[in-house]
Structures are given as C-alpha cells and as structure tokens.
Trainee: 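A single structure is presented below for examination.
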Amino acid sequence: MRVATNVKKDDGSRAIGTVLDPKGKAIAAIAKDQSYYGEAAILGKPYITGYEPIHDAKNKVIGVYYVGYPK
C-alpha cells in the first residue's frame with residue numbers, strides 16, 4: 001500500500017492507500033527480494049519505473065522505494 005507518493009490520481013490527489021498491481025512484474029520482483037526497472041502500469045497508466053526493496057534489521061522486505069515518471 002502506498003503510504004507516501006508523488007503519483008497522483010485523476011482527481012489530482014496523491015494516490016495514498018493504493019496498492020501495487022498484485023499480478024505485475026514489480027511486485028513479483030520485490031516478492032523475490034529483487035529490484036525491478038522497467039515499464040509498469042500505475043492506476044491504469046504506463047510509467048517508466050524503478051522499484052527497490054526496503055529491508056528491516058533482520059533483512060526482511062518491509063516496503064518498496066519507487067521512482068518513476070509517466071511514459
């Protein structure tokens with residue numbers, strides 16, 4: 001779930017509370033503790049993206065760093 005983001009919804013508000021596509025390539029990579037760089041659909045729109053896993057002190061994935069821009 002997005003807790004902070006620069007991605008905006010159609011109404012102009014930030015997309016806080018939205019989730020990564022559970023069937024997308026980005027979440028599949030993060031689930032394997034890998035980075036993902038490439039195209040991803042965000043709220044139905046294509047973006048060029050980069051995702052990096054965030055780890056806790058025990059090296060468990062607890063979140064994701066994201067950078068991207070509309071394609």
Trainee: Please name all residues satisfying salt bridge (Lys or Arg N to Asp or Glu O under 4.0 Å) with Lys71, sequence neighbours left out, ordered by chain then number.
Mentor: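 In terms of salt bridge (Lys or Arg N to Asp or Glu O under 4.0 Å), with neighbours along the sequence ignored, Lys71 is linked to Glu39.
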Trainee: Taking the side chain as everything from C-beta on, heavy atoms only, tell me whether Arg14 gets closer than 4.5 Å to Val7.
Mentor: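 Arg14 does not reach Val7 side chain to side chain.
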Trainee: Going by the rule salt bridge (Lys or Arg N to Asp or Glu O under 4.0 Å), which residues pair with Asp10 if we only count those two or more places apart in sequence or in a different chain?
Mentor: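 With neighbours one apart ignored, the set is Lys45.
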Trainee: Would you say Tyr66 and Thr49 make side-chain contact, with heavy atoms under 4.5 Å?
Mentor: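 Tyr66 vs Thr49: side chains touch.
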Trainee: Do you reckon Ile48 sits in the same ILVMFWY cluster as Tyr37, going by side-chain contacts under 4.5 Å, direct or chained?
Mentor: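 Different clusters.
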Trainee: In terms of side-chain heavy atoms, does Thr18 have a donor or acceptor partner in Arg2 at a distance below 3.5 Å?
Mentor: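 A pair is found: one side chain offers a donor N or O, the other an acceptor, under 3.5 Å apart.
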Trainee: How close do Val19 and Met1 get, counting heavy atoms only, and between which atoms?
Mentor: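 Val19 and Met1 have their closest heavy atoms at CG1-CA, 3.9 Å.
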Trainee: State, to 0.1 Å, how close Ala29 and Tyr36 come at their nearest heavy-atom pair, and which atoms those are.
Mentor: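 Reported closest heavy-atom pair: CB-CB, 3.8 Å.
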Trainee: Would the distance check show the side chain of Thr5 and the main-chain N or O of Ile16 forming a donor-acceptor pair, the cut-off being under 3.5 Å?
Mentor: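 The answer is no, because no donor-acceptor pair under 3.5 Å joins these two groups.
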Trainee: Kindly work out whether a path of hydrophobic side-chain contacts (I/L/V/M/F/W/Y, heavy atoms less than 4.5 Å apart) joins Leu43 to Val64.
Mentor: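 Yes, because Leu43 and Val64 connect within a single hydrophobic cluster, where side-chain heavy atoms sit under 4.5 Å apart.
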Trainee: Do you know which two heavy atoms are closest between His55 and Asp33, and how far apart they sit?
Mentor: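 So the minimum-distance heavy-atom pair works out to NE2-OD1, 2.6 Å.
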Trainee: Test of understanding: with salt bridge (Lys or Arg N to Asp or Glu O under 4.0 Å), list the residues that count as partners of Glu52, not counting sequence neighbours.
Mentor: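 Testing Glu52 for salt bridge (Lys or Arg N to Asp or Glu O under 4.0 Å), a comparison that skips the adjacent residues, returns none.
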Trainee: Quick one: OH on Tyr65 to CD1 on Ile54, what's the gap to the nearest 0.5 Å?
Mentor: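 Reported value, rounded in 0.5 Å steps: 4.5 Å.
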Trainee: For residues Ser35 and Pro53, determine if any side-chain heavy atom of one lies less than 4.5 Å from a side-chain heavy atom of the other.
Mentor: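 A side-chain contact exists here, since the closest heavy-atom pair is under 4.5 Å.
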Trainee: What distance separates Ile42 CD1 from Asp21 CG, expressed to the nearest 0.5 Å?
Mentor: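 Rounded to the nearest 0.5 Å, the CD1-CG separation comes out at 10.5 Å.
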Trainee: Tyr47 and Pro70: which non-hydrogen atoms are nearest, and at how many Å?
Mentor: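 So the two residues come closest at CD2-N, 3.5 Å.
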Trainee: For the CG atom of Leu20 and the CD1 atom of Ile27, what is their distance to the nearest 0.5 Å?
Mentor: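 Output value for this atom pair is 4.5 Å.
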